[in-house]
Amino acid sequence: MSGGTDIERARKTAEGLVYSPGFGNEHSSEAIADALPIGRNSPQRAPLGLYAEQLSGTAFTEPRAHNRRSWLYRIRPSAAHPPFVRVDNGALRGAPFTECAPDPNRLRWDPLPEPAPGTDFLAGLWTLGGNGDATRRSGMAIHLYAANAPMVDRVFGDADGELLIVPQEGGLLLHTEFGRLRAEPGHMALVPRGVRFRVEPLDPAVRGYVCENHGRPFVLPDLGPIGANGLAGARDFLAPVAAYEDVDGPVEVVNKFCGNLWSATYDHSPLDVVAWHGNHVPYVYDLRRFNVLGSISYDHPDPSIFTVLTSPSDTPGLANVDFVVFAPRWLVGEDTFRPPYFHRNVMSEYMGLIEGAYDAKTAGKGGFVPGGGSLHNMMSAHGPDRDTFERASSAELTPRKVDDGLAFMFETRWPVTATRQAREADHLQQGYDDVWQGLERHFR
């Protein structure tokens with residue numbers, strides 16, 4: 001468990017953070033005045049004796065609207081490091097997922113068990129499953145984490161994809177190459193592909209969820225007939241400001257590459273970026289700022305109306321992966337079954353619960369609980385459980401505020417193949433199908 005003084009110091013740092021707002025913006029930041037060159041990206045001599053380096057999250061020639069890159073001005077270039085060597089993956093797995101056959105059955109898990117003392121964020125990552133192929137930059141992976149110690153002299157970077165982190169218990173202080181982010185339960189943090197970072201817990205124990213997106217970077221969804229405003233607002237996404245580490249001494253840098261972990265020991269911290277500008281940057285977002293839109297007449301809208309971010313595919317409207325949040329909202333539909341309807345979907349859905357209860361599932365022991373999750377693969381029939389159906393079918397349809405829970409979904413175009421450790425886990429709930437038993441015949 002992290003020492004109290006470490007947590008107090010991390011919290012003091014987190015409470016004093018400032019940010020640069022705006023998703024997709026061309027941000028710029030410098031920790032020291034005049035560290036950013038003016039009028040060019042790579043002058044003959046960069047200011048303050050720094051090294052200029054470009055970090056490209058997309059190909060050079062992708063359309064301007066899709067292009068992601070940032071220029072970093074750092075104390076030492078990233079190229080100055082010894083060879084990487086393979087290290088044990090622990091409970092982290094990578095795509096393609098071939099340990100088990102894809103399973104059409106509905107699955108649900110309780111929260112991860114408590115980790116051993118001294119477990120940091122990286123060591124606490126546990127892969128539930130995924131799809132696609134990291135080497136072909138397609139698909140996604142679902143991980144959970146449980147940790148109780150800071151990453152000390154250890155930094156992580158993911159060459160396989162960007163990481164969308166959803167804290168469920170306890171806050172995180174993320175030290176990235178671009179600066180620091182504070183992510184508490186109810187927030188999400190987005191770390192782009194290749195960006196290195198380390199994590200300090202802001203509480204004695206932390207846990208949460210991670211979506212690893214191997215495909216095209218997340219973007220805000222198009223709004224279509226909604227118009228110019230609604231859903232997640234670009235200005236509510238907060239990028240860090242430059243904050244560098246000038247540290248000499250051994251630092252382990254762990255790189256996830258083509259599904260495996262590789263490690264090299266640097267003689268300095270790679271979080272040594274003094275200034276930067278660009279649009280390939282990390283963000284933090286408060287999920288409760290999501291502008292929920294829904295029906296004010298009848299019927300429950302499709303859950304796509306709750307999309308926060310989407311990773312597009314080569315087929316318009318078909319996401320490599322969507323990140324969806326079920327935030328507090330009013331239910332006012334007339335003559336309407338208000339919880340999510342019974343459903344079979346060509347997409348595959350992993351749902352997690354951050355706090356409270358979800359309005360289509362029974363809470364409590366053996367049910368859908370915070371820190372747990374459910375997987376409904378392609379064309380798996382799902383919907384409200386028996387208790388929810390009976391309650392909602394006879395409820396008085398007065399306006400009702402749903403504000404006693406916060407749930408989310410990773411929705412992906414391909415089936416999610418669970419890992420062997422997920423299929424054999426003690427916290428896999430047995431008899432999940434039973435929640436739909438007892439739905440009686442009412443046909444007359």
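Treat the numbers as computed from the prediction; the structure is a model and nothing was measured. Below, each value reflects all heavy atoms present in this structure, side chains not excepted, and no hydrogens, waters or symmetry copies.
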>> Could you walk me through whether Glu162 and Asn213 satisfy the side chain to side chain donor-acceptor pair (under 3.5 Å) test, starting with their C-alpha distance in whole Å, then the side-chain angles of each, then the deciding distance to 0.1 Å, before giving a yes or no?
In response: CA-CA 5 Å; Glu162 61 185 338; Asn213 173 26; 2.8 Å; yes
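- Using a distance-only test at 3.5 Å, with no hydrogens or angles considered, no donor-acceptor pair links the side chain of Asp322 to the main chain of Val324.
- When only modelled atom types and interatomic distance are considered, His382 and Glu349 share a side-chain donor-acceptor pair under 3.5 Å.
- For the side chain to side chain contact (heavy atoms under 4.5 Å, CB included) test, residues two or more places apart in sequence or in another chain that qualify with Asp404 are Val402.
- No hydrogens or angles considered: a donor-acceptor pair under 3.5 Å links the side chains of Glu53 and Ser78.
- In this structure the side chain of Tyr209 never reaches within 4.5 angstrom of the side chain of Ile142, judged on heavy atoms.
- A salt bridge links Arg69 with Glu26; the closest basic N to acidic carboxylate O contact falls under 4.0 Å.
- A donor-acceptor contact closer than 3.5 angstrom is absent between the side chains of Asn25 and Asn279.
- A search for salt bridge (Lys or Arg N to Asp or Glu O under 4.0 Å) contacts involving Glu411 returns nothing, not counting sequence neighbours.
- Nearest heavy-atom pair across Pro415 and Ser348 is CA-OG, 3.3 Å.
- Asp302 and Ser304 share no side-chain donor-acceptor pair at under 3.5 Å.
- Counting only heavy atoms from C-beta outward, the side chains of Met347 and Thr412 never approach each other to under 4.5 Å.
- Side-chain contact, Glu200 with His175: a donor N or O sits under 3.5 Å from an acceptor N or O.
- The shortest distance between side-chain heavy atoms of Leu220 and Phe237 falls below 4.5 Å.
- Under 3.5 Å, the side chains of Ser263 and Glu252 contain a donor-acceptor pair of N or O atoms.
- Applying the salt bridge (charged side-chain N to carboxylate O under 4.0 Å, His left out) definition to pairs two or more places apart or across chains, those involving residues 272-296 are Arg74-Asp272, Asp236-Arg289, Arg288-Glu355.
- Note on Arg11 versus Asp203: salt bridge recorded, some NZ/NE/NH1/NH2 to OD/OE distance being below 4.0 Å.
- Residues Glu99 and Arg423 are not paired through a salt bridge, judged by the lack of any N-O separation under 4.0 Å between the basic side chain and the carboxylate.
- With a 4.5 Å cut-off on side-chain heavy atoms, Leu271 and Arg196 count as touching.
- Side-chain atoms of His214 and Ser138 form no donor-acceptor pair, as typed in the model, at a separation below 3.5 Å.
- Under the rule for a salt bridge (Lys or Arg N to Asp or Glu O under 4.0 Å), Arg180 has no partner lying at least two apart in sequence or in another chain.
- The pair Asp120-Arg154 meets the salt-bridge criterion, since a charged nitrogen lies less than 4.0 angstrom from a carboxylate oxygen.
- Paired with Asp314 under the rule salt bridge (charged side-chain N to carboxylate O under 4.0 Å, His left out), one option of Arg216, Arg413, Arg137 passes, and it is Arg413.
- Not counting sequence neighbours, Pro104 has no partner by the side chain to side chain contact (heavy atoms under 4.5 Å, CB included) test.
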> His427 and Trp126: ring pair (Phe, Tyr, Trp, His ring centres under 6.0 Å), yes or no, with the steps?
Replying inline: CA-CA 13 Å; His427 60 287; Trp126 183 90; 5.1 Å; yes
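- Shown here are the side chain to side chain contact (heavy atoms under 4.5 Å, CB included) partners of Ala264, two or more places apart in sequence or in another chain: Pro82, Phe84, Tyr266.
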